[in-house]
Asker: 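Questions regarding the structure given below will be posed in turn.
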Protein chains: 2
Amino acid sequence: MAKVEETGSYKGSEKLRPEEMIYQEMLDAILDRRLEPGMKLIEEDLAKTFGVSRARIRATFLQLAHDKLINLVPNRGAFVAEPTIDEAIEVFSARRMIEDGVARKVATSMTDARAAQIKNHLDREHTAHHDGDHRAAIILSGEFHLLLARLTGNLVIEEFLERLILRSSLIIAMYESPQPVDCSHTEHDQLLNALLSGDPDIAAAEMSRHLDAIRDRLQLQRPKPGKTDFASIFGRTPKSEAS
Amino acid sequence: MAKVEETGSYKGSEKLRPEEMIYQEMLDAILDRRLEPGMKLIEEDLAKTFGVSRARIRATFLQLAHDKLINLVPNRGAFVAEPTIDEAIEVFSARRMIEDGVARKVATSMTDARAAQIKNHLDREHTAHHDGDHRAAIILSGEFHLLLARLTGNLVIEEFLERLILRSSLIIAMYESPQPVDCSHTEHDQLLNALLSGDPDIAAAEMSRHLDAIRDRLQLQRPKPGKTDFASIFGRTPKSEAS
DNA sequence: GCATGCAAAATTGTTAACAATCATGTTGTC
DNA sequence: GACAACATGATTGTTAACAATTTTGCATGC
């Protein structure tokens with residue numbers, strides 16, 4: 001629970017430096033879809049909202065853009081990112097490539113203490129799921145992967161994967177199927193078993209399966225998400241194309 | 001040759017947008033060690049040098065800091081990064097974890113066209129080495145790894161690895177042994193053979209070996225690089241510690 | 001009625017001045 | 001002579017105003 005709040009709280013720990021707090025708040029808003037994909041982000045409005053100058057908002061924009069959570073268009077402004085289907089596929093493919101390696105490393109360096117650490121996390125995932133706390137379940141699910149990355153002891157991997165997991169969260173928020181089927185907590189159990197086997201190939205294979213499963217649960221076949229498909233809404237084909 | 005200039009030129013393609021040009025120039029200066037590790041970067045001086053406002057320099061700083069090429073200290077300013085030995089080890093360990101996956105993917109999706117593409121690159125590496133063009137050899141060596149990343153067809157991996165390779169370049173510039181022993185071009189040949197075998201395990205193993213070899217060629221055992229060790233210089237031990 | 005061009009409003013991009021903070025050198029005291 | 005307090009200069013952080021660009025609304029003409 002504490003862990004959940006630490007990473008995903010709305011305006012949780014208020015002793016953060018203001019710059020970090022603004023990043024965190026905008027991040028949460030995007031992942032919660034209070035800021036919808038494609039939405040224009042106006043500097044002055046945000047500056048007034050947070051009580052800071054436009055310069056700080058601009059700096060925050062650069063961070064968010066670097067993490068691919070917003071798009072920065074010269075002279076036009078900032079827009080909440082709308083990851084395409086191809087992007088979504090690429091992100092999970094990239095995660096597979098990296099997290100396979102993570103799984104290999106964790107599997108071959110497993111200790112009792114580490115196993116206990118993972119089990120403890122899984123307990124919290126199960127609790128959240130049992131309590132029907134969907135939001136906590138999603139956050140903990142992401143943190144499970146981050147925990148494995150941390151167990152490699154490699155900060156570079158950890159930081160990169162953290163960004164990639166955030167990006168995944170936006171993708172999931174955008175493409176998740178209407179009826180939430182977060183059965184992934186049982187998959188994490190299987191993953192732990194694979195890691196405990198100590199066999200890097202088995203661990204990597206299970207990680208690949210898991211990430212593919214997440215991807216396959218998404219609705220990645222919609223015509224063009226975010227962009228309203230008037231033709232299908234009104235049951236007719238467009239008369240002519242706009243210039 | 002064209003490729004070399006494209007990525008590593010001093011002030012090459014001047015039709016870049018000014019913001020990108022400034023990033024590129026500072027990047028080149030850091031990797032060339034014209035800007036030494038630890039050096040203070042003063043906003044106003046750079047602004048005058050490039051004929052832009054401090055605001056733009058600040059934005060460029062954020063980019064460079066994100067790539068870990070400079071350190072940003074609140075109220076103190078920006079300093080060229082001084083990767084520690086531990087950081088250097090972590091970067092190459094991270095690359096191994098990722099590039100193993102890259103090698104696996106490239107090995108299992110090899111075609112004649114791709115093999116030719118790689119061979120063509122190796123030819124250019126050999127030429128540069130034969131001509132004694134050390135600078136081009138280093139750049140091409142980095143681009144070899146980037147080429148493999150590109151062959152995975154995954155933009156996420158490609159972009160991340162690009163940053164990691166830049167960071168590696170700074171590390172190599174900082175820790176390379178006095179007598180340049182860039183024998184890595186023959187290692188790239190071996191890597192190609194491993195990729196052509198089509199066996200992902202062989203390819204990954206060869207990639208690991210190669211990256212470990214680069215790391216092991218570095219002088220990663222100095223007491224504290226960048227920070228002058230007066231005690232050893234003057235052959236005596238410090239009398240007392242500074243407060 | 002619809003497209004085109006123009007004018008106004010909104011928004012981003014840039015600059016310069018000011019405030020806050022940190023580094024440096026000096027002075028005074030013990 | 002060493003240390004601390006202080007004053008000075010340099011540098012970063014912030015703000016507000018201005019310029020450039022894009023978007024929007026409206027009027028005109030076909």
Side-chain angles (χ1 to χ4, degrees), chain A residues 15-26 29-30 35-66 69-82 226-228 230 236 238-243, chain B residues 15-26 29-30 35-66 69-82 226-228 238-243:
Chain A
K15 51 181 115 178
L16 280 177
R17 300 217 313 282
E19 48 233 83
E20 292 170 357
M21 198 196 67
I22 293 171
Y23 175 86
Q24 195 63 47
E25 291 226 27
M26 291 191 58
I30 290 172
L35 292 176
E36 289 179 23
M39 186 179 258
K40 174 85 186 286
L41 301 173
I42 292 171
E43 294 180 358
E44 195 160 358
D45 292 355
L46 287 167
K48 278 183 194 158
T49 301
F50 290 114
V52 297
S53 68
R54 272 178 56 208
R56 180 156 298 290
I57 297 295
R58 258 157 168 275
T60 305
F61 277 179
L62 282 180
Q63 262 193 284
L64 289 165
H66 210 247
L69 296 172
I70 68 173
N71 290 328
L72 242 37
V73 185
N75 286 322
R76 299 261 333 270
F79 304 84
V80 178
E82 301 177 276
K227 197 171 188 175
T228 320
F230 291 118
R236 63 181 73 179
K239 266 173 66 182
S240 67
E241 306 222 343
S243 70
Chain B
K15 51 182 115 178
L16 281 176
R17 300 215 314 281
E19 49 232 84
E20 292 171 356
M21 198 196 66
I22 293 171
Y23 174 87
Q24 194 64 46
E25 291 226 26
M26 291 192 58
I30 290 172
L35 292 176
E36 288 178 26
M39 186 179 259
K40 175 85 186 285
L41 301 173
I42 294 172
E43 294 180 357
E44 196 161 357
D45 292 356
L46 287 166
K48 277 182 196 161
T49 301
F50 291 114
V52 298
S53 68
R54 270 178 59 209
R56 181 155 298 291
I57 298 295
R58 260 158 165 273
T60 305
F61 278 178
L62 283 181
Q63 261 193 286
L64 288 166
H66 209 257
L69 296 172
I70 68 173
N71 291 329
L72 241 38
V73 186
N75 285 322
R76 298 263 331 274
F79 304 84
V80 177
E82 300 177 277
K227 197 170 188 176
T228 320
K239 269 175 62 180
S240 67
E241 306 224 344
S243 70

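Each chain gets a letter, A, B and so on, in the order the sequences are listed, and its residues count up from 1.
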Asker: Judged by each residue's nearest nucleotide on DNA chain D, which is more toward the 5′ side, A:Ala55 or B:Ala78?
Answerer: B:Ala78

Asker: Take atom CD1 of A:Ile42 and atom P of D:dT21, then tell me their distance rounded to the nearest Å.
Answerer: 20 Å

Asker: Does D:dT14 have OP1 or OP2 under 4.0 Å away from a side-chain N or O of A:Ser53?
Answerer: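 So the side chain of A:Ser53 is outside the cut-off, no N or O lying under 4.0 Å from OP1 or OP2 of D:dT14.
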
Asker: Rounded to the nearest 0.5 Å, what separates atom CD1 in B:Ile70 from atom CE in B:Met26?
Answerer: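 So the gap between those two atoms works out to 6.0 Å.
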
Asker: Rounded to whole Å, how long is the line connecting atom NZ of B:Lys48 with atom C1' of C:dT15?
Answerer: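 After rounding, the reported distance stands at 15 Å.
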
Asker: So how far is it from B:Glu20 CD to B:Thr60 OG1, rounded to the nearest 0.5 Å?
Answerer: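 Atom-to-atom, B:Glu20:CD and B:Thr60:OG1 are 10.5 Å apart.
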
Asker: Please name the residue in the list B:Leu69, B:Leu41, B:Asn71 that meets the side chain to side chain contact (heavy atoms under 4.5 Å, CB included) test with B:Leu64.
Answerer: B:Leu69

Asker: Write down the distance between CE (A:Met39) and P (C:dT11), rounded to a whole number of angstrom.
Answerer: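 Value for this atom pair: 14 Å.
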
Asker: Counting just side-chain N and O atoms, does B:Arg54 come under 4.0 Å of either OP1 or OP2 of C:dT15?
Answerer: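 Answer is no, no contact under 4.0 Å.
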
Asker: Respond yes when some side-chain nitrogen or oxygen of B:Arg76 is under 4.0 Å from OP1 or OP2 of C:dA23, and no when none is.
Answerer: yes

Asker: Take atom CD of A:Glu44 and atom P of D:dT22, then tell me their distance rounded to the nearest Å.
Answerer: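 Taking atom P of D:dT22 as the reference, CD of A:Glu44 is at 19 Å.
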
Asker: How long is the line joining CG of A:Asn71 and P of C:dT12, in whole Å?
Answerer: 15 Å

Asker: Output the distance between atom CD1 (B:Ile42) and atom NZ (B:Lys48), rounded to the nearest 0.5 Å.
Answerer: 10.5 Å

Asker: To the nearest 0.5 Å, tell me how far B:Glu82 CD sits from B:Glu36 CD.
Answerer: 10.0 Å

Asker: Could you tell me the separation between the CZ atom of B:Arg56 and the C1' atom of D:dA20, rounded to a whole number of Å?
Answerer: 14 Å

Asker: So what does B:Leu72 hit on the nucleic acid, given a heavy-atom distance under 4.0 Å: a base, only sugar-phosphate, or nothing?
Answerer: nothing

Asker: In whole Å, I'd like the distance from the CD1 atom of B:Ile57 to the P atom of C:dT14.
Answerer: 12 Å

Asker: What is the distance, rounded to the nearest whole Å, between atom NZ of B:Lys40 and atom C1' of D:dT12?
Answerer: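 Rounded to the whole Å, the gap is 8 Å.
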
Asker: Side chain of A:Asn75 only, heavy atoms from C-beta on: which candidate in C:dT14, D:dG13, D:dT21 is closest?
Answerer: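 Per side-chain heavy atoms of A:Asn75, the pick is D:dT21.
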
Asker: For D:dG13, does either OP1 or OP2 sit under 4.0 Å from a side-chain N or O belonging to B:Arg58?
Answerer: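 Yes.
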
